[in-house]
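As structure tokens, the structure follows; a few thoughts come after it.
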Amino acid sequence: MKKLLIIISVFFLNKVLAQPTPALTDKYVLVIHGGAGTILKSQMTAEKERAYQAALNQALDAGQAILARGGSALDAVEASVRILEDNPLFNAGKGAVFTNEGKNEMDAAIMNGQTLAAGSVAGVTTIRNPISAARAVMEKSPHVMMTGKGAEIFAKQQGLTIVDPSYFRTEERWKSLQKAKAGDSLQKRKKDSILKKTTAFSEFYDSPLGLTGKYGTVGAVALDRHGNLAAATSTGGMTNKKYGRVGDAPIIGSGTYANNQTVAISCTGWGEYFIRLVMAKSISDMMEFGKMSLRDAAHEMIMKRLPALGGDGGLIAVDKDGNIALPFCTEGMYRGFVKSDGSKAVKIYKEYN
Ligand code: ASP
């Protein structure tokens with residue numbers, strides 16, 4: 001009897017061990033953004049439009065190459081974001097906006113949807129690619145978030161490229177700071193008139209989403225062929241920010257979130273509102289506990305609750321089944337996606353999808 005039991009056990013054990021590891025699917029999806037804001041065709045030159053499109057395509061191609069060969073969503077989102085960080089057109093890495101003190105202080109975050117591991121950095125001024133520092137925090141430290149000098153020392157120890165702060169400077173962003181300081185912004189005037197200058201807030205900030213040059217946070221979300229999700233966001237924050245202000249991008253659950261059970265999300269917009277709405281995690285919860293579709297949950301948050309609170313912006317998202325959403329309540333959002341089924345698009349202006 002004992003022998004028989006052993007034979008039966010071995011038989012079943014072999015069966016279990018013989019189960020193939022989950023096969024690599026063919027399906028992958030990558031979505032990217034280069035910031036939301038007052039992006040009007042009337043204010044864009046054909047040459048600039050082409051430059052933005054080329055940059056977005058380059059970022060998509062880099063991430064897609066990784067996903068197509070069975071690489072991880074994490075590697076893909078980091079690769080796409082690094083390209084956008086290196087491009088001075090966007091408010092992340094080189095080309096980051098200036099603080100009130102005339103510095104470039106950057107925030108970034110990355111999250112692995114398979115493990116819920118996450119890493120972020122805030123207020124860094126010398127790390128060439130903040131997104132890679134965020135990844136190092138996630139993978140090489142027991143922490144989730146590091147700020148300022150400490151984050152920079154850690155990044156250097158990890159062998160990341162450290163640059164002189166002047167590397168991030170661009171003339172266009174410098175001019176935007178001067179404009180913002182002079183209060184020469186339509187957005188500010190709009191906010192001021194809405195708020196009737198009754199809050200201190202309008203004195204401190206110019207919207208990050210105002211005129212040309214003030215938007216451009218970058219981000220990427222991906223579903224890889226293993227079924228894993230990841231999200232990454234990197235930003236210079238808001239022009240004219242003061243007092244060590246940190247936005248939503250490096251706050252896990254606000255500007256960046258990924259969970260294999262639901263969705264991967266990267267946000268762009270007026271960070272204070274995204275933090276207060278716990279934007280990305282709220283959408284994940286609406287999907288997980290409220291059984292809402294990605295499209296409905298993202299629409300509810302971006303098109304209704306965000307403007308209702310007085311904020312604006314947009315996001316990119318891909319859910320566990322590969323559905324995507326790119327809602328925004330601003331005039332435009334630099335954005336693009338590529339899927340394993342061959343579909344690919346890069347868009348700038350309003351055209352909800
Ligand atoms: N969300 C960013 C921040 O508030 C800004 C942006 O997306 O343009 O820091």
Side-chain angles (χ1 to χ4, degrees), residues 32-39 52 81 84-85 87-93 95-100 103-109 120-125 130-131 134 145 147 168 170 172-173 176-177 180 185 187-188 191 201 204-221 231-257 265-280 301-302 306-307 309-317 326-335 348:
I32 61 169
H33 71 78
T38 312
I39 310 168
Y52 275 108
V81 166
L84 298 170
E85 282 179 338
N87 192 316
L89 286 174
F90 303 96
N91 171 21
V97 298
F98 283 93
T99 65
N100 179 266
K103 291 186 184 164
N104 304 109
E105 284 179 7
M106 292 152 288
D107 306 332
S120 74
V121 292
V124 296
T125 58
I131 198 62
M145 190 169 195
T147 65
F168 300 102
T170 60
E172 201 174 340
R173 300 297 187 198
S176 296
L177 174 64
S185 154
Q187 196 68 15
K188 183 173 187 301
K191 294 283 175 201
F201 184 80
F204 292 156
Y205 291 128
D206 199 1
S207 166
L209 312 170
L211 296 172
T212 315
K214 294 200 190 71
Y215 38 73
T217 288
V218 308
V221 294
T233 314
S234 183
T235 187
M238 293 164 65
T239 299
N240 206 19
K241 63 186 182 182
K242 293 178 184 172
Y243 314 122
R245 180 263 186 191
V246 173
D248 59 314
I251 310 290
I252 300 303
S254 287
T256 309
Y257 190 70
I265 295 177
S266 170
C267 302
T268 170
W270 198 330
E272 278 68 14
Y273 294 92
F274 282 72
I275 294 173
R276 289 165 60 194
L277 287 166
V278 198
M279 181 61 77
M301 292 302 292
I302 292 290
L306 176 63
L309 210 59
D312 54 8
L315 60 79
I316 52 166
L326 304 87
F328 55 95
C329 61
T330 48
E331 288 303 327
M333 180 168 81
Y334 299 107
R335 62 202 188 277
I348 297 178

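Both counts, for ligands and for their atoms, begin at 1 and track the order of listing. The first residue of the sequence shown is numbered 1, and numbering continues consecutively from there.
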Atoms of ligand 1 less than 4.0 Å from [X] heavy atoms?
X    : result
T268 : 6 (C), 7 (O), 8 (O)
G237 : 5 (C), 9 (O)
G247 : 9 (O)
G271 : 4 (O)

Query raised in the report: Got F98 and E105 here, is their nearest side-chain heavy-atom distance under 4.5 Å?
Result: no
Query raised in the report: Do the rings of Y52 and F90 sit parallel, tilted or perpendicular, given the 30° and 60° boundaries?
Result: perpendicular
Report task. Say whether S234 and E85, considering side chains only, have a donor N or O and an acceptor N or O under 3.5 Å apart. Result -> yes
Query raised in the report: What's the verdict on side chain to side chain contact (heavy atoms under 4.5 Å, CB included) for C329 and L306, showing C-alpha distance, side-chain angles and the deciding distance?
Result: CA-CA 9 Å; C329 61; L306 176 63; 4.0 Å; yes
Report task. Consider ligand 1: state whether an atom of it lies below 4.0 angstrom from any non-hydrogen atom of R245. Result -> yes
Query raised in the report: Yes or no on side chain to side chain contact (heavy atoms under 4.5 Å, CB included) for K241 and V246, after CA distance, side-chain angles and deciding distance?
Result: CA-CA 9 Å; K241 63 186 182 182; V246 173; over 6 Å; no
Report task. Starting at OG1 of T99, measure out to CG of N104 and round the result to the nearest 0.5 Å. Result -> 7.5 Å
Query raised in the report: Is there at least one pair of N or O atoms, one from T217 and one from ligand 1, spaced under 3.5 Å apart?
Result: yes
**Report entry** Contact (N/O only, under 3.5 Å) between G269 and ligand 1
**Finding:** yes
Query - Option nearest atom 3 (C) of ligand 1 (shortest heavy-atom distance, choices T239, V246, T233, D248) - result: D248
